[in-house]
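Data first, discussion second: the structure below is written as structure tokens.
Below, chains carry the letters A, B, ... as their sequence lines are ordered, and counting in each starts from 1. Note that the coordinates shown come from a computational prediction; the quantities given were computed from them, not determined experimentally. Just so it is clear, the values below take in all heavy atoms, side chains as well, and ignore hydrogens, waters and symmetry mates.
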Amino acid sequence: MAVRLCDVASLLRSGSWAPEPWTGQVIATMETQLSNGPTCNNTSNGPSTISNNCSSPVEGSIEDSKTNLIVNYLPQNMTQEELKSLFGSIGEIESCKLVRDKITGQSLGYGFVNYVDPKDAEKAINTLNGLRLQTKTIKVSYARPSSASIRDANLYVSGLPKTMTQKELEQLFSQYGRIITSRILVDQVTGVSRGVGFIRFDRRVEAEEAIKGLNCQKPPGATEPITVKFANNPSQKTSQALLSQLYQSPNRRYPGPLAQQAQRFRDLLVLILASVCVYSRFSPMAIDGVTSLAGINIPGHAGTGWCIFVYNLAPDADESILWQMFGPFGAVTNVKVIRDFNTNKCKGFGFVTMTNYDEAAVAIASLNGYRLGDRVLQVSFKTNKTHKA
DNA sequence: TCATATT
């Protein structure tokens, strides 16, 4: 176990793997970043843009909100509170909602954040768009005004030539309207196209026209016709998938080394508790995991999660850098940079709260000694410091 | 025969 953690840490230090600030490039997916401002340009730092049809007269309507954001590609286990905590680090939030399946309660992987100040919304796009959280790269953009006309505008396309690129797919469909997102599914091993993909239009009527115009048609140069239909609704999951999610233990979400490590820690706690019982001649009691350990002092454990102490931050460090560093390791519920009351500069340290012990342990092992700028960070579980002479 | 983008 320790060997693995050291390996991760050395990987980080050597620079061959590191959480780095977003540079504005998306490799796995190409999407159109909508601009809701009065001008239509491609200067926003969102994921790469292929097409941006600027000819629509309704685009850039003055009624478009400049405070309301849609956040896409959120990690499955991210809660509304974590979403609020993340975006609240930018500025005051008027409202925040994580969208969940009405029946199962499962996150649909996107949400909305409405700021009080439009400047904070802009800042959130600039600083949080492209942030890596666990296995996801979140997307932050202005929300379009909610309307029935923009719903159910997602198409499933199959029978595509394996050689067709995402750009060519967009070129084929862009004659029917403004494309919000496009994707071609690829074989996970070989990376070669599976010949199926998705096109999300701005409006449902555009999607309908694309079906009429392209379903059962051969793309230029293709030998076989493609199939174009409305994509399945996200709520349409198999009962088996639902069951497996419902009965999935939170401790068993990550099999392999991490789960083993977490189990060892629980085993250790049980051992400690057992020895406490023997020492104090208490009769044996039922032990039901770490939740029964209230009252025992565990370093860094604050009840709501595992508090991590981060030392040697620069004076201009902000919450965003803590999210960027710790987010990829798992569920982060809160970050805080400690600042001087008068200068508002960072006093050199901060705290990060993570939900799961195993993820926190890997984050600490990986980020302790991490070089941030010209500083070497010290990262550990927060301890309950007592005054010593 | 399908990744998850409109509360």
Residues forming a side chain to side chain donor-acceptor pair (under 3.5 Å) with A:D152, sequence neighbours excluded = none
request  = Check whether any side-chain nitrogen or oxygen of A:N72 sits under 4.0 Å from OP1 or OP2 of B:dA5, and answer yes or no.
outcome  = yes
remark   = A:R204 atom CZ is separated from B:dA5 atom P, nearest whole Å, by 18 Å
request  = Could you state the atom-to-atom distance from CG of A:D202 to C1' of B:dT6 in whole Å?
outcome  = 11 Å
remark   = All heavy atoms of A:V337 vs all of A:E319, minimum pair found to be N-OE2, 3.0 Å
ask   = Using a heavy-atom distance cut-off of less than 4.0 Å, which residues of residues 149-157 of chain A contact DNA chain B?
value = A:I150, A:R151, A:N154, A:Y156
query = Closest approach of A:E168 and A:T165, non-hydrogen atoms and distance?
reply = OE1-N, 2.9 Å
task = Quickly work out the A:I180 CD1 to B:dA3 P distance and round it to whole Å.
result = 21 Å
ask   = Does a side-chain N or O from A:K229 land closer than 4.0 Å to OP1 or OP2 of B:dT1, or not?
value = no
ask   = For A:R194 and B:dC2, is the shortest distance between a side-chain N/O and OP1 or OP2 below 4.0 Å?
value = yes
query = Reckon A:F112 touches a base, only the sugar-phosphate, or nothing at all at heavy-atom distances under 4.0 Å?
reply = base
ask   = Expressed in angstrom and rounded to an integer, what is the separation of A:Y110 atom OH from B:dT6 atom P?
value = 5 Å
note = side chain to side chain donor-acceptor pair (under 3.5 Å) filter on A:E209, not counting sequence neighbours, yields A:K212
query = With a non-hydrogen cut-off below 4.0 angstrom, is A:K102 in contact with a base, only sugar-phosphate, or nothing?
reply = nothing
request  = Starting from P on B:dT7, measure out to CG on A:L74 and report it in whole angstrom.
outcome  = 16 Å
task = Figure out the CZ/C1' separation between A:R100 and B:dT4, and round it to whole Å.
result = 15 Å
query = Mapping A:R200 and A:L185 onto DNA chain B by nearest heavy atom, which one lands closer to the 5' end?
reply = A:L185
request  = With sequence neighbours left out, write down each residue that passes ring pair (Phe, Tyr, Trp, His ring centres under 6.0 Å) with A:Y156, or none if nothing qualifies.
outcome  = A:F198
inquiry  = Output the rounded distance in Å from CD (A:Q76) to C1' (B:dA3).
reply    = 13 Å
ask   = Members other than A:F349 in its cluster, when Ile, Leu, Val, Met, Phe, Trp, Tyr link by side-chain heavy atoms under 4.5 Å?
value = A:F309, A:Y311, A:I338, A:F351
ask   = Can you name the side chain to side chain donor-acceptor pair (under 3.5 Å) partners of A:E208, sequence neighbours left out?
value = A:R204
inquiry  = Using whole Å, what does the distance between atom P of nucleotide B:dA5 and atom CZ of A:F230 come to?
reply    = 17 Å
ask   = Just to confirm, is there a sub-4.0 Å distance from OP1 or OP2 of B:dT1 to any side-chain nitrogen or oxygen of A:S158?
value = no
request  = Just compare B:dA3, B:dA5, B:dC2 and give me whichever is closest to any side-chain atom of A:N232.
outcome  = B:dC2
ask   = From the list B:dC2, B:dA5, B:dT6, which nucleotide is the closest neighbour of the side chain of A:Y73?
value = B:dA5
